[in-house]
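Everything numeric in this text was worked out from a predicted model, so none of it was measured. Any value given below was found using the heavy atoms of this structure, including those in side chains, with hydrogens, waters and symmetry copies removed.
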Amino acid sequence: MNRGFGDWDGSIEDAKRLQRQLAEQVVLRDDFADPPRWLAGFDVGFEQEGAITRAAAVLLDAESLLPVASEVARVDTTMPYVPGLLSFRELPALLAALDRLPHVPDLVFVDGQGIAHPRRLGIAAHFGVATGLPAIGVAKKVLCGRHEAPGPSPGDRTALIHRGERIGWMLRSKARCNPLVVSPGHRVSMDSAVDWVLRTLRGYRLPEPTRLADRIASRRGDLLG
DNA sequence: GCGACAG
DNA sequence: ATCTTGTCGC
C-alpha cells in the first residue's frame, strides 16, 4: 500500500472522507496467530515544543510479557492535534517505529481509540488497516459514546455505545483507577480486545505493551524500573 | 446554538 | 501531549 493516507489531499474534509473509506476495511473478527508469539505496544510523545513527534515501539514475548526490543522514531510534526483526526498527526511516526522492530508483531496495542471513534477509525484502527496487522486500541479517555460506570473490581466492564452501535468497552483494569477505553482496531473481535488487555495486565492501570511504550515515548526512562 | 473533544 | 513536587486518599 502506501503510508496509510491513500489519496488524501491534505484537507480536513478529505481526511474525514478517507476515514470513512478506510473504516469499511476494518475487520472485526479474530484473525491473528493463535497463540500469538509477538506482541507490540505503541505510543507517541513530543520533543522541542511539539516540533518533533517521537514514537516508541516495544516488542514483547506474548508468553512472558517481557520486552525483547524497543525502538524510537523521530519525525517532523506536520499536523496540529485535532480531536477525531489524531492518526493524521501521529501515524507516520508510529509506522516508522514499527519498521525498526526486529520482528513483525502478531498483535499490536496502540495508545488511543480503535473503532471507538466518530467515523469508526481511531488511530489503532487506522494503524491496523494501514499495516494489515491485528490491532487493539487502549485509550485513557472517551472520545465519543455513552456508557455506564463499570464496577469497582479489576475486570469489570460496561459497553461503550455510539449512535446505537457497540464501539468498545469501559474496562476497570485496576482498583481505584479510572477505567480504560478498549476497542478493537483491526482483525480482532470486541470480546478478544478486552480479553487481551486483561491478559497483558501486570498490576498497573495500563497493559504491558502500552505501558512500556508510554514510558519510552514520554522520556521517562527505559524498560527498567 | 451549546457543549464535548483520543493524544 | 506538555510544564512539574509534594500531597491527599485508599
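- Going from atom CG of A:Leu206 over to atom C1' of B:dG7 covers 13 Å, rounded to whole Å.
- Shown here for A:Ala57 and A:Leu98, the closest heavy-atom pair between the two residues is CB-N, 4.5 Å.
- The A:Leu86 side chain lies nearest to B:dG7 when the options are B:dG7, C:dT2, B:dC5.
- Proximity of A:Ser218 to the phosphate of C:dT2: a side-chain N or O atom is located under 4.0 Å from OP1 or OP2.
- Among the atoms of the strands shown, none is found under 4.0 Å from any heavy atom of A:Gly50.
- Proximity of A:Arg89 to A:Thr78: side-chain heavy atoms (C-beta onward) are nowhere separated by under 4.5 Å.
- When all heavy atoms of A:Thr158 and A:Pro150 are compared, the closest pair comes out as CG2-CA, 3.5 Å.
- Among the heavy atoms of the strands lying under 4.0 Å from A:Leu85 is at least one base atom, whether or not backbone atoms are also near.
- One atom, CD of A:Glu47, and another, C1' of C:dA1, lie 13 Å apart when rounded to the nearest Å.
- Nearest approach of A:Arg37 to A:Asp106, heavy atoms of both residues: N-OD2, 2.9 Å.
- Here B:dA6 presents its P atom at 13 Å from CD1 of A:Ile123, a figure rounded to the nearest Å.
- Protein atom CG of A:Asp214 is 9 Å distant from nucleotide atom P of C:dT2, rounded to whole Å.
- Rounding to whole angstrom units, CD of residue A:Glu90 and P of B:dA6 are separated by 12 Å.
- Among the heavy atoms of the strands, none lies under 4.0 Å from A:Val181.
- Within the 4.5 Å cutoff, no side-chain heavy atoms of A:Thr210 are placed close to those of A:Asp43.
- Atom NE2 in A:His117 sits roughly 13 Å away from atom P in B:dG7 (whole-Å rounding).
- Between A:Phe42 atom CZ and B:dG7 atom P the separation is 17 Å, expressed in whole Å.
- Once the 5.5 Å centre distance and the 30° plane angle are applied, the aromatic ring of A:Tyr81 is found stacked with the base of B:dG7.
- Regarding A:Arg89, its CZ atom lies at a distance of 13 Å from the P atom of B:dA6, rounded to whole Å.
- At a threshold of 4.0 angstrom between heavy atoms, the contacts of A:Gly122 include nucleobase atoms, whether or not backbone atoms are also involved.
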